[in-house]
Amino acid sequence: EQINEISILHKKWQKYFQQYGSDFDMTRTSKLHDLVRAGIPNNYRGKLWQLCCLSGYQMLGNGDQFMKLVAASSSLDPKTVKEIEKDLSRSLNVSLFKKKAGINALRNVLSAFYVRNPRIGYCQSMNIIAASLLLF
């Protein structure tokens with residue numbers, strides 16, 4: 001029965017995308033809000049996250065800003081680097097974060113965040129939040 005519900009929800013999402021677009025041209029309607037409340041299939045989560053919070057538009061306008069922040073993070077103080085490195089292995093217990101590419105992606109996000117937000121800095125458990133977002 002649960003598999004049938006997931007299939008029905010998936011079909012509702014497909015129908016929405018066909019009617020209202022599925023990229024930057026997507027029209028946000030009350031139907032979208034209802035579907036989000038009903039649940040977002042895993043394969044659509046990353047895309048919808050970007051569309052709903054408008055981060056995709058920011059990425060278009062800021063191009064290489066993330067890579068510049070990552071490059072600037074090479075001069076982080078050793079104490080911060082140590083804190084970030086310590087938490088990398090404590091991230092979500094999924095295969096992505098057991099591989100070098102996943103760990104590097106997480107390291108880059110955390111370091112770039114630190115450079116972009118020096119008053120906030122790095123706080124323990126930011127790795128869990130960033131790791132959750134990187135999954136999608």
Side-chain angles (χ1 to χ4, degrees):
E1 186 175 312
Q2 185 179 14
I3 293 173
N4 191 32
E5 288 177 24
I6 293 171
S7 177
I8 291 169
L9 185 61
H10 193 81
K11 287 178 184 175
K12 287 180 180 181
W13 276 104
Q14 287 177 330
K15 183 178 177 183
Y16 186 88
F17 291 144
Q18 287 171 353
Q19 286 182 307
Y20 299 104
S22 62
D23 211 337
F24 293 115
D25 64 338
M26 184 177 77
T27 303
R28 295 169 66 169
T29 69
S30 60
K31 288 181 183 181
L32 175 65
H33 294 248
D34 294 341
L35 279 172
V36 168
R37 287 185 191 102
I40 303 172
N42 283 342
N43 57 322
Y44 296 143
R45 286 188 181 186
K47 178 188 214 174
L48 283 165
W49 171 257
Q50 287 185 349
L51 292 171
C52 291
C53 74
L54 306 177
S55 67
Y57 295 102
Q58 290 179 344
M59 286 174 25
L60 287 174
N62 293 319
D64 61 349
Q65 182 181 11
F66 177 72
M67 294 311 297
K68 288 178 181 177
L69 292 169
V70 170
S73 72
S74 64
S75 62
L76 288 180
D77 64 280
K79 182 181 175 186
T80 300
V81 172
K82 184 177 179 180
E83 289 299 311
I84 290 173
E85 292 296 323
K86 187 169 45 172
D87 283 349
L88 290 175
S89 63
R90 299 177 186 168
S91 298
L92 300 178
N93 190 22
V94 294
S95 61
L96 174 65
F97 302 111
K98 294 180 188 292
K99 298 176 183 171
K100 187 176 181 177
I103 292 291
N104 285 339
L106 184 56
R107 179 184 295 113
N108 288 343
V109 169
L110 296 173
S111 299
F113 180 88
Y114 182 89
V115 171
R116 175 70 173 82
N117 304 284
R119 290 189 338 174
I120 297 171
Y122 177 75
C123 303
Q124 191 173 20
S125 296
M126 281 184 170
N127 60 313
I128 302 300
I129 296 167
S132 298
L133 295 172
L134 283 171
L135 288 176
F136 300 103

When you measure from the side chain of Asn127 to the backbone N and O of Asp87, does any donor-acceptor pair fall under 3.5 Å?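 A pair under 3.5 Å: yes.
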Supply the atom-to-atom distance [X] [atom1] to [Y] [atom2], rounded to the nearest 0.5 angstrom.
X: Asn104; Y: Lys99; atom1: CG; atom2: NZ; answer: 13.5 Å
X: Gln14; Y: Leu9; atom1: CD; atom2: CG; answer: 10.5 Å
X: Leu32; Y: Phe17; atom1: CG; atom2: CZ; answer: 8.0 Å
X: Leu134; Y: Phe97; atom1: CG; atom2: CZ; answer: 5.0 Å
X: Lys12; Y: Ser7; atom1: NZ; atom2: OG; answer: 11.5 Å
X: Leu88; Y: Arg107; atom1: CG; atom2: CZ; answer: 5.0 Å

Salt bridge between Lys31 and Asp34, side-chain N to carboxylate O under 4.0 Å?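 Not counted as a salt bridge, because no side-chain N and carboxylate O are separated by less than 4.0 Å.
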Does Lys86 pair with Glu83 as a salt bridge, N-O distance under 4.0 Å?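 Yes, Lys86 and Glu83 are salt-bridged.
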Any chance NZ of Lys47 has more than 12 other-residue heavy atoms, nucleotides or ligands included, within less than 6.0 Å?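 Counting other residues, nucleotides and ligands, NZ of Lys47 exceeds 12 neighbours.
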Are more than 12 heavy atoms, taken from residues, nucleotides or ligands other than Arg90, located less than 6.0 Å from that residue's CZ atom?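 Enclosed: over 12 neighbouring heavy atoms sit under 6.0 Å from CZ of Arg90.
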I need the minimum non-hydrogen distance between [X] and [Y], along with the two atoms involved.
X: Leu106; Y: Ser91; value: CD2-OG, 2.9 Å
X: Ala130; Y: Val109; value: CB-CG1, 3.9 Å
X: Gly21; Y: Met26; value: O-CG, 3.3 Å

Does the plane of the ring in Tyr20 sit parallel, tilted or perpendicular to the ring in Tyr16? Use 30° and 60° as the thresholds.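 Tyr20 and Tyr16: tilted rings.
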Run the side-chain contact (heavy atoms from CB on, under 4.5 Å) check on Leu135 and Asn42 step by step: do they pass? CA-CA 9 Å; Leu135 288 176; Asn42 283 342; over 6 Å; no
Verify side chain to side chain donor-acceptor pair (under 3.5 Å) between Ser22 and Tyr44, making sure each step is shown before the conclusion. CA-CA 10 Å; Ser22 62; Tyr44 296 143; over 6 Å; no
For residues 66-77, which side-chain N or O atoms pair as donor and acceptor with protein atoms under 3.5 Å away, sequence neighbours left out?
unit_1 : atom_1 : unit_2 : atom_2 : d
Ser73  : OG     : Val70  : O      : 2.5
Ser74  : OG     : Ala71  : O      : 2.9
Ser75  : OG     : Ala72  : O      : 3.0
Asp77  : OD1    : Thr80  : OG1    : 2.7
Asp77  : OD1    : Tyr114 : OH     : 3.4
Asp77  : OD2    : Lys79  : N      : 3.4
Asp77  : OD2    : Thr80  : N      : 3.1
Asp77  : OD2    : Thr80  : OG1    : 3.1

Within the 4.5 Å heavy-atom criterion, are Asn117 and Tyr122 side-chain neighbours or not?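 Of all side-chain heavy-atom pairs linking Tyr122 with Asn117, none is under 4.5 Å.
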Within-4.5 Å side-chain heavy-atom neighbours: Arg28 and Leu51: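 With C-beta onward as the side chain, the pair stays apart.
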side-chain contact (heavy atoms from CB on, under 4.5 Å) evaluation trace for Ile120 with Phe113: CA-CA 9 Å; Ile120 297 171; Phe113 180 88; 3.9 Å; yes
Membership question, hydrophobic clusters at under 4.5 Å side-chain separation (ILVMFWY): are Ile8 and Leu48 in the same one?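 No, no single cluster joins them.
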Using the ring-ring contact (aromatic ring centres under 6.0 Å, His included) criterion, which residues pair with His33? Sequence neighbours excluded.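 His33 satisfies ring-ring contact (aromatic ring centres under 6.0 Å, His included) with no residue once adjacent residues are dropped.
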